[in-house]
Amino acid sequence: MQSSQSTSRRSGPLAGLKVIDLTHVMAGPTCTLMLADMGADVIKIEKWPNGDDTRHSVPPKIGDEAASFLMMNRNKRGIVLDLKTDGGKQVLRRLIKSADVLVENFAPGAMERLGFGYEALHAEFPALIYCSLSGFGRTGPYKHRRGFDLVAQAMSGIMSFTGERPDGPPVKCGPPLSDITAGLLASMGILAAYTHRLKTGEGQWVETSLYEAALVQTYWQSTIALAAGTAPRAMGSAHPLNAPYQAFEASDGWLVVGGANKKHWLLMLEALGASELAADPRFVNGADRMANLKELEAVLSERFRTKSRAHWLAALDEKGVPCGPVHDMLEALSDPQTLAREMVVEVEHSTLGPVKTIGLPIKFSETPGKVRSGAPIYGQHTSEVLAEHGFDQSRIEALEKEGAIVLAAGRREERIA
């Protein structure tokens, strides 16, 4: 018989934590993905009839499944409930009774209308950790507004200082910055609340928003705005406080270099064969370089264009100057460091076989997390999860006939007929 310690080491640090996942698309699923990868038992509840919206975010597809859904929902068990039915509500209430955490990102007021708002559940299940993700949070003048990453990036100021030039159009960051950050913040908040519960037995409401998640990405730009009373503008890849710290074009491609502090600035000049610039009054210290950034960019760009990217990366690396190539996504995913850190892994899917996915970015020496299973097909674990929670076969069949649940093997409209 295996010891609990060996089981814990194999399953991750959150083994034994039960999470009810009522989230969809990106921010909420990012939160529950982090918990699942660290060993939590995440039961993802999808709506009827279409499930999580990412099931329809195509192309691309892998087999019959949307690649976006597969990425965000591995390591989770999936069931389908219609929460507008009495049976669906009964099932959810029974799942919550034995759960540690509930995570939701419904529109404002939706959980209350369904009878599963925080106040009602906290009164019945005081140890439950209830996490909400929304566009703007549960307080303030915008609390009833829905939010999307695009809106959060715009209203947080991010789009005003992203782009190539200060007079250019507003530019959104490529990845859904606020969605992913909100998910990470929510998972951090849940773990903090769980620590509190382990000490006191008390559950609580944890909540964050896309808007706040976007704002915390502006630490440097907010610092400038609050201290100097000026709004930072777009600078391309350059840094608002330090230089040189940006991308430069070599003869055959782009690289980035961080030569901002005195040590790295002087070492960078040695690598470039441009040590004479150390005495140039325009570039003596960091403040001088920031004040004359355009001139600095022009001088360094001319030098970088004279040789290949590989040449400059080798020369800079030899001197110990932080640098790297600008990769496209395929290059990044095949980089040896990416593979060495197991940030691209294969996971077995129930119908597709091996599927590649992003790995767990947090490493634990004693309780390693793992990508254990592929994303569920629609309704894959409904029968299994209900049986675990005391529903016998006849009751499961009755719930299916009612339309309260969906099983993977059939279509609801066929059952109704």
Side-chain angles (χ1 to χ4, degrees), residues 19 21-38 40 42-81 103-107 133-135 146-153 172-187 210 213-214 327-334 338 342-361 369-382 406 408:
V19 180
D21 179 3
L22 286 163
T23 70
H24 53 279
V25 187
M26 193 68 176
T30 297
C31 168
T32 54
L33 178 68
M34 292 293 106
L35 302 177
D37 283 0
M38 291 187 283
V42 174
I43 300 173
K44 181 179 179 68
I45 298 174
E46 294 190 71
K47 62 186 177 181
W48 181 87
N50 297 316
D52 191 318
D53 289 346
T54 55
R55 286 195 182 274
H56 313 286
S57 297
V58 293
K61 295 176 75 173
I62 301 176
D64 294 329
E65 300 288 334
S68 55
F69 181 85
L70 296 176
M71 178 64 76
M72 300 309 303
N73 294 287
R74 83 283 179 97
N75 277 348
K76 304 175 186 179
R77 294 194 289 168
I79 74 173
V80 179
L81 298 182
V103 189
E104 61 89 15
N105 65 343
F106 281 109
L133 298 97
S134 60
R146 299 193 183 197
F148 291 92
D149 174 67
L150 176 66
V151 177
Q153 288 201 34
K172 183 181 77 69
C173 292
L177 201 67
S178 68
D179 279 321
I180 295 172
T181 304
L184 298 176
L185 292 174
S187 64
L210 304 190
H327 279 157
D328 66 26
M329 206 63 245
L330 289 174
E331 291 169 331
L333 293 173
S334 61
T338 303
E342 298 183 321
M343 285 306 295
V344 173
V345 296
E346 279 194 338
V347 61
E348 191 70 23
H349 186 270
S350 60
T351 62
L352 301 175
V355 174
K356 288 185 177 181
T357 187
I358 292 290
L360 176 63
K370 184 180 180 182
V371 182
R372 303 176 302 277
S373 60
I377 63 173
Y378 192 58
Q380 179 175 341
H381 301 102
T382 303
V406 174

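Residues take their numbers from the sequence shown, with the count starting at 1.
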Check residues 343-352 and write down every donor-acceptor pair under 3.5 Å in which the side-chain atom is one partner and the other belongs to a residue at least two apart or another chain.
from, atom 1, to, atom 2, distance (Å)
H349, ND1, T351, N, 3.1
H349, ND1, T351, OG1, 3.3
H349, ND1, L352, N, 3.2
H349, NE2, A375, O, 3.1
S350, OG, Q380, OE1, 3.4

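- For the pair V42 and A36, the tightest heavy-atom approach, listed with the atom from each and the gap, is CG2-CB, 3.7 Å.
- With sequence neighbours excluded, no residue forms a salt bridge (charged side-chain N to carboxylate O under 4.0 Å, His left out) with D149.
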Review point. Yes or no on side chain to side chain contact (heavy atoms under 4.5 Å, CB included) for K47 and D53, after CA distance, side-chain angles and deciding distance?
Key: CA-CA 10 Å; K47 62 186 177 181; D53 289 346; 3.3 Å; yes
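- With sequence neighbours left out, the salt bridge (charged side-chain N to carboxylate O under 4.0 Å, His left out) criterion links D52 to K44.
- What you find for G28 and N105 is that their closest heavy atoms are N-ND2, 3.7 Å.
- The SG atom of C31 sits 13.0 Å away from the CE atom of M26 when rounded to the nearest 0.5 Å.
- Contact detail for A332 and T338: the closest heavy-atom pair is O-OG1, 2.7 Å.
- Considering OG1 of T382 and CD1 of I45, their distance stands at 9.5 Å, rounded to 0.5 Å.
- Within the 3.5 Å criterion, the main-chain N or O of S68 finds no donor-acceptor partner in the side chain of T54.
- L210 and A27 get closest at one heavy-atom pair: CD2-CB, 3.8 Å.
- Closest non-hydrogen pair, A214 versus A152, comes out as CB-O, 3.7 Å.
- Remark: E104 engages no residue in a salt bridge (charged side-chain N to carboxylate O under 4.0 Å, His left out) (not counting sequence neighbours).
- Every pair passing salt bridge (charged side-chain N to carboxylate O under 4.0 Å, His left out) that includes a residue from residues 55-75 is listed here, sequence neighbours excluded: D37-R74, E46-R55, R55-E65.
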Review point. Should L33 and K76 be marked as a side chain to side chain contact (heavy atoms under 4.5 Å, CB included) after you check the CA-CA gap, both sets of side-chain angles, and the distance that decides it?
Key: CA-CA 8 Å; L33 178 68; K76 304 175 186 179; 4.3 Å; yes
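- For the pair V103/V19, a side-chain contact is recorded, criterion being any heavy-atom separation below 4.5 Å from C-beta on.
- Here the CG-CG distance, from L22 to L133, works out to 12.0 Å after rounding to the nearest 0.5 Å.
- Looking only at distances, a side-chain donor or acceptor of H381 sits under 3.5 Å from a matching main-chain atom of G78.
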Review point. So D21 and R77, salt bridge (Lys or Arg N to Asp or Glu O under 4.0 Å) or not? Walk me through it.
Key: CA-CA 10 Å; D21 179 3; R77 294 194 289 168; over 6 Å; no
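- Y378 approaches W48 most closely through the heavy-atom pair OH-CA, 3.3 Å.
- Looking only at side-chain heavy atoms (C-beta outward), T30 and D179 stay at 4.5 Å or farther from each other.
- The line from CZ of F106 to CZ of R146 is 11.0 Å long, rounded to the nearest 0.5 Å.
- Not a single donor-acceptor pair under 3.5 Å links the side chain of N75 to the backbone N or O of A40.
- Rounding to the nearest 0.5 Å gives a distance of 12.0 Å between CD1 of I180 and CG of L185.
- The CE atom of M71 sits 5.0 Å away from atom CD1 of I358, with the distance rounded to the nearest 0.5 Å.
- Using a 4.5 Å cut-off on side-chain heavy atoms (C-beta onward), L333 and H327 make no contact.
- The side chain to side chain donor-acceptor pair (under 3.5 Å) test applied to S187 returns no partner, not counting sequence neighbours.
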